[in-house]
Amino acid sequence: MNFDRILAAVGEFGRYQKILIFLLWLSSIPPPWCSLSNTFFSASTDHYCRVFANQTYQQDSPLKNCTIPYHASKGWDQCHRYDINVSDGISPNVCFPRGNKIKCDGGWVYDRSLYEDTVVFNFNLVCDQDWMKELSKSIVGVGQLAGSVVLGQLADIFGRKPVIIAGSFVLALTGVGTAFSPWFPMFVVGQFLISALGMGINLTVFILGTEYVGPTYRTSSLMFLLTGLSVGYLALSGIAYGLQGNWRHLQLVTGSVYFLFLAHCWLLPESARWLIQKKKYQKAGSIIKKMATTNCARIPENLFPVLSGSVQEPSSDNTVNVEIAKVTDRQNTMFDLFKTPKLRCRTLNLCFIWFTNSFVYYGITFNTDTLHANPYISAAIVAGVEIPAALPAWWVIHKYGRRWPLCLSMALCGLFLSGSAFMNNPTALIALVVAAKFSNSVSFSTIYIFTAELFPTTVRNSGIGITSTLARFGTIVSPYAMLLVNIWHPLPFFVMGLTSCVAGALGLLLPETLNRDLPDTLAEGETFETRNAREQQVHVQGDDDSLPNDDNDHLDNSSPHAALISNDDTQ
C-alpha cells in the first residue's frame with residue numbers, strides 16, 4: 001500500500017498536517033542547544049596566576065607586573081608566576097629582583113567581562129589541563145554520532161513517537177543534572193548523553209514530518225521545519241548573552257525546556273506510514289480517519305477494510321531482488337541498506353555528502369570568533385545567515401529539484417572558501433565567509449530533504465542515522481583541518497572547498513525525488529530510479545489514469561486499493 005496515494009485521498013497538506021508541522025517546528029528549536037551550547041560552556045578568556053585569595057582580574061596593575069612574567073612576543077604568561085610573596089604588599093625590594101618562575105600553584109584569575117562562569121573557569125581547564133576543554137567539545141560530536149545510529153534504529157523498530165517522548169524525558173533529567181555537576185568527568189558524560197539524545201530527537205522529528213506530507217508540499221513543509229534549527233541557534237546566542245555566559249544557568253535552561261517539550265509530545269501522532277509497514281493497520285486507520293476528518297476530506301470506501309486486514313492486499317507475480325526478498329518478513333535494519341547494489345551506492349554517496357557538509361559547516365563555525373570581538377555577536381551572525389538561506393533554498397529545490405541545487409550550492413561554497421584564504425581586507429573576508437556559510441546552509445537544507453526522500457520507510461530513520469553519523473566525523477575532523485595552516489596558510493580552505501566541490505558533483509548521481517512518491521519498502525528503494533523513469537514516461541504519453549507497472553505499484557482495478565486513488569473518492 002503506497003501511503004502517498006492515501007494522502008492524495010485524505011489531503012496531502014491539510015489542516016491536520018499544518019498543525020503537525022507547526023508542533024514539529026517548535027520541537028526543532030531546542031535540539032541545537034544540545035550541541036552548540038558547548039561553544040559557550042567551554043569558552044576560554046585571558047587568565048593568569050592567582051597569588052592571593054579573592055584576587056580579581058585586571059588588564060594592567062602593579063601586582064600583575066610584579067608577579068607575572070611578560071614575553072615580548074606572547075604577552076603575559078598564563079601558566080607561570082614569579083616565586084614572590086606579596087602578602088606584605090608590593091615594593092621594589094620584593095618585586096626586583098624577581099625570583100624563579102613556578103607553575104600556578106594557587107589557581108588562576110580569569111577575565112570575566114564576557115563570561116560570568118564557564119567550565120574552564122569552574123574546573124581550571126587551562127595550561128596542563130587545556131586538553132580537557134577540547135575533550136568536552138569533541139565529546140559532543142561523539143554523542144551526536146551515537147545518537148544518530150542508536151536512536152535512529154530504535155525509531156525504526158519501536159516507532160517515532162516513543163523515541164521522541166522517552167528521549168525528551170531522559171534528556172530533561174540529564175540536562176538538569178549536568179547543570180549541578182561537581183566534577184568535570186560528570187560534565188563530560190552529561191554532554192555525551194545530551195548531544196546523543198538531542199541529535200536522535202531532532203532526526204526523528206524531521207522524519208515524522210517527512211512521512212506525513214504529500215509530494216507536492218513536502219519541500220515547503222520540510223524547509224519550514226529546518227528553519228526551526230536556525231531559530232534555535234540564533235535564540236541560543238541571545239539566551240547565553242542574557243545569562244552572561246554562566247554555563248550552569250545555560251545548561252539548566254537547556255534541560256528544563258525539555259520538561260515543557262514533553263507536554264506537547266503527547267499531541268504528536270505516531271507515523272501512520274510506519275504503522276502500515278509494521279502491519280498495525282487498526283492504529284494506522286484510526287490516525288488516517290482523524291486526519292481525513294480534520295482535513296474535511298472524504299475517506300475512500302475500501303480503505304478501512306484493507307487497513308484492518310479483512311481484505312487481502314494484492315501481491316506481485318514478479319520476483320524482486322533476491323536479497324530484498326530475504327528480508328521482507330523480518331525487521332529491517334541499517335545493514336539492509338548495503339545488501340543491494342543501488343541502495344548500497346546511494347547510501348555511501350549520501351554518507352560522503354553529509355560528511356562534507358558537516359565538515360565545512362563546523363569548519364566555518366569554529367572560526368567565526370575572528371569575525372567580531374564579541375562571541376555572542378559572532379554566533380548571531382553565523383546563525384542569522386541560515387534563516388534567509390531557507391527562502392532561496394526552498395524556491396530552487398521546489399522548482400528545479402534536489403540534484404542540481406545541491407551540486408551548485410556546494411560548488412559555490414567551495415569557491416567562496418578558497419577565495420577567502422587570500423583576503424586581507426576584513427570586510428571582504430567577512431563577506432566571503434558569510435557567502436560560504438549561506439551556500440553551505442542551502443546545501444545542508446537540501447541534503448536533509450533529499451536523504452529523507454530517498455530512503456525507504458522501513459529504514460528511513462536508520463538511513464538518516466547512518467548519514468548523520470558520517471556527518472559527525474566531519475564535525476570531529478574540522479578543527480584539526482585548521483592545523484594545515486602550519487603547512488600553507490590557504491590549505492585548510494582549499495581542502496574544504498575541494499571536498500565540497502567533489503561531494504556536490506557526486507550528488508548528480510542520485511535520482512531526482514521532486515514530486516515523487518516516497519519509497520516504503522526496500523524493493524521500492526532499490527527500484528526507485530526505474531519507477532521514476534516509468535512515471536515520467538506515462539506522464540509524457542498522457543496516460544493520467546495509469547499507474548507505474550512495476551513490482552510494487554501495480555494495482556488492478558478490481559483490487560481494494562483502487563478506491564484509494566479513484567477520481568470519485570479524491571474529490
Side-chain angles (χ1 to χ4, degrees), residues 1-12 16-17 20-21 23-24 27 148-168 200-215 218 221-222 225 265-292 303-304 306-309 313 324 327-334 336-337 343 448-449 451-468 517-525 528 552 561 564:
M1 179 179 296
N2 192 306
F3 190 74
D4 284 319
R5 309 301 171 86
I6 297 176
L7 289 177
V10 300
E12 287 189 83
Y16 185 90
Q17 285 95 335
L20 175 61
I21 290 297
L23 291 175
L24 294 176
S27 305
S148 301
V149 176
V150 176
L151 270 71
Q153 185 66 71
L154 291 177
D156 281 334
I157 296 174
F158 299 106
R160 291 26 170 163
K161 186 173 180 177
V163 168
I164 294 175
I165 293 177
S168 299
I201 292 170
N202 177 41
L203 294 177
T204 306
V205 163
F206 185 79
I207 291 300
L208 188 58
T210 303
E211 294 180 337
Y212 263 107
V213 181
R218 190 178 297 133
S221 60
L222 294 184
L225 202 56
C265 278
W266 296 100
L267 300 175
L268 301 177
E270 182 53 85
S271 171
R273 188 189 295 266
W274 177 85
L275 288 170
I276 291 174
Q277 290 302 311
K278 296 300 178 182
K279 299 181 180 180
K280 298 181 180 181
Y281 300 121
Q282 291 184 347
K283 291 183 178 179
S286 177
I287 294 175
I288 293 171
K289 183 177 180 180
K290 183 177 181 180
M291 187 191 311
L303 173 61
F304 287 100
V306 173
L307 290 179
S308 64
E313 298 189 44
I324 296 177
V327 298
T328 53
D329 293 329
R330 64 171 173 80
Q331 170 62 45
N332 297 145
T333 67
M334 65 184 73
D336 294 322
L337 289 169
L343 278 176
Y448 252 103
I449 296 174
T451 305
E453 292 176 335
L454 284 171
F455 283 126
T457 300
T458 54
V459 286
R460 183 166 292 121
N461 245 97
S462 300
I464 289 285
I466 291 175
T467 54
S468 184
D517 293 343
L518 293 181
D520 287 323
T521 65
L522 290 172
E524 292 178 358
F528 185 73
N552 303 288
H561 299 279
L564 301 183

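Sequential numbering from 1 along the given sequence is applied to the chain's residues.
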Peer 1: What is the minimum heavy-atom distance between Ser271 and Tyr212, and which atoms define it?
Peer 2: CA-CE1, 3.7 Å
Peer 1: Do the non-hydrogen side-chain atoms of Ile207 and Phe455 ever get within less than 4.5 Å of each other?
Peer 2: no
Peer 1: Please give me the minimum heavy-atom distance between Leu337 and Gly463, naming the atom from each residue.
Peer 2: CD1-CA, 3.7 Å
Peer 1: Using a strict 4.0 Å threshold on nitrogen-to-oxygen distance, state whether Arg160 and Glu211 make a salt bridge.
Peer 2: yes
Peer 1: If every non-hydrogen atom of Trp274 is compared with every non-hydrogen atom of Lys280, which pair is closest and at what distance?
Peer 2: CH2-NZ, 3.9 Å
Peer 1: Salt bridge or not between Lys283 and Glu270? Use side-chain N to carboxylate O under 4.0 Å.
Peer 2: no
Peer 1: Measuring only between side-chain heavy atoms, which start at C-beta, is Leu24 closer than 4.5 Å to Leu268?
Peer 2: yes
Peer 1: Check whether any side-chain heavy atom of Ser221 lies under 4.5 Å from a side-chain heavy atom of Gln17, and answer yes or no.
Peer 2: no
Peer 1: Minimum heavy-atom separation for Ile276 and Ala284, please, with both atom names.
Peer 2: CG1-CB, 3.7 Å
Peer 1: Is it true that Arg460 and Asp156 have a side-chain N and a carboxylate O under 4.0 angstrom from each other?
Peer 2: no
Peer 1: Take Asp520 and Asp4 through the test side-chain contact (heavy atoms from CB on, under 4.5 Å) and record every step on the way to the result.
Peer 2: CA-CA 10 Å; Asp520 287 323; Asp4 284 319; 5.9 Å; no
Peer 1: Do Leu203 and Leu151 make a side-chain contact, defined as non-hydrogen atoms from C-beta onward lying under 4.5 Å apart?
Peer 2: no
